[in-house]
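Report on the structure given below.
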Amino acid sequence: MSASQKNRKKILVVEDDVVALDLLEEILKKGGFAVSVSQSAEEAIAHLDREEASLILTDLRMPGRSGMDLLRSIKKDHPDLPVIILTAFGDEHLWVEALSLGAIDLIPKPFKKQEIIEVVQRTLDAIGRSPSGHLKQSPPGNTD
């Protein structure tokens with residue numbers, strides 16, 4: 001493994017739709033990220049027990065445990081792990097709840113490929129600028 005591959009941040013994508021999962025994996029890999037995939041919240045939690053991730057990108061609505069349930073579990077067991085939620089069902093209440101639970105961002109579906117790369121990179125850059133290496137969430141609406 002080359003030095004650049006070792007330094008790549010690993011993104012765990014959680015999406016039950018195989019077509020969307022493959023697309024997100026392709027977008028992120030082309031963006032230079034190492035990518036792991038899970039098709040359910042349960043699978044993602046088991047993955048995090050075995051391997052670290054730098055960031056989670058999860059769908060909101062999935063069979064079984066939802067992306068919101070996954071967010072709650074991650075924030076309990078890995079409080080500094082940034083989570084970005086993808087959803088086609090974005091109302092204001094959902095956004096407020098997700099942000100209050102610790103989501104870093106929500107991306108509405110359908111999304112643009114470049115938007116995924118930009119949000120992920122911006123989040124990882126914020127972690128890199130933090131003295132502790134962990135992202136400290138800003139209050140909603142703060143884009144500094």
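Counting begins at 1 with the first residue of the sequence.
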Basic-acidic side-chain contact under 4.0 Å: Glu97, Arg72: yes

Taking all non-hydrogen atoms of both residues, which atom of Ala98 and which atom of Leu71 are closest, and how far apart? O-CD2, 3.6 Å

Find out whether Trp95 and Pro108 are in side-chain contact, i.e. whether some heavy atom of one side chain is under 4.5 Å from a heavy atom of the other. yes

Whether Glu26 and Lys113 form a salt bridge (side-chain N of Lys/Arg under 4.0 Å from carboxylate O of Asp/Glu) is what I want to check. no

Any idea which heavy atoms bring Ser66 and Ala41 closest together, and the distance? O-CB, 4.2 Å

Thinking salt bridges, do Asp125 and Arg122 make one under a 4.0 Å N-O criterion? no

Is the shortest distance from a Lys or Arg side-chain nitrogen in Lys109 or Asp59 to a carboxylate oxygen in the other one below 4.0 Å? yes

Gap between atom NZ of Lys10 and atom CZ of Phe33 - 0.5 Å precision: 14.0 Å

Counting neighbours of CD on Glu51 that are heavy atoms of other residues, nucleotides or ligands and sit closer than 6.0 Å, is the number greater than 12? yes

Test Ile104 against Val119 for side chain to side chain contact (heavy atoms under 4.5 Å, CB included), laying out the working first. CA-CA 10 Å; Ile104 296 304; Val119 171; over 6 Å; no

What one should report as the nearest heavy-atom pair of Leu99 and Asp105 is CD2-N, 4.5 Å

Please report the interatomic distance CD1(Ile56) to NE2(His47), rounded to the nearest 0.5 Å. 7.0 Å

Give, for atom CD of Gln121 and atom CG of Leu28, the distance between the pair rounded to the nearest 0.5 Å. 10.5 Å

Between NZ of Lys76 and CG of Leu101, what distance do you get to the nearest 0.5 Å? 14.0 Å

Please check this pair: side chain of Lys75 against backbone of Leu70, looking for a donor-acceptor N/O pair closer than 3.5 Å. no

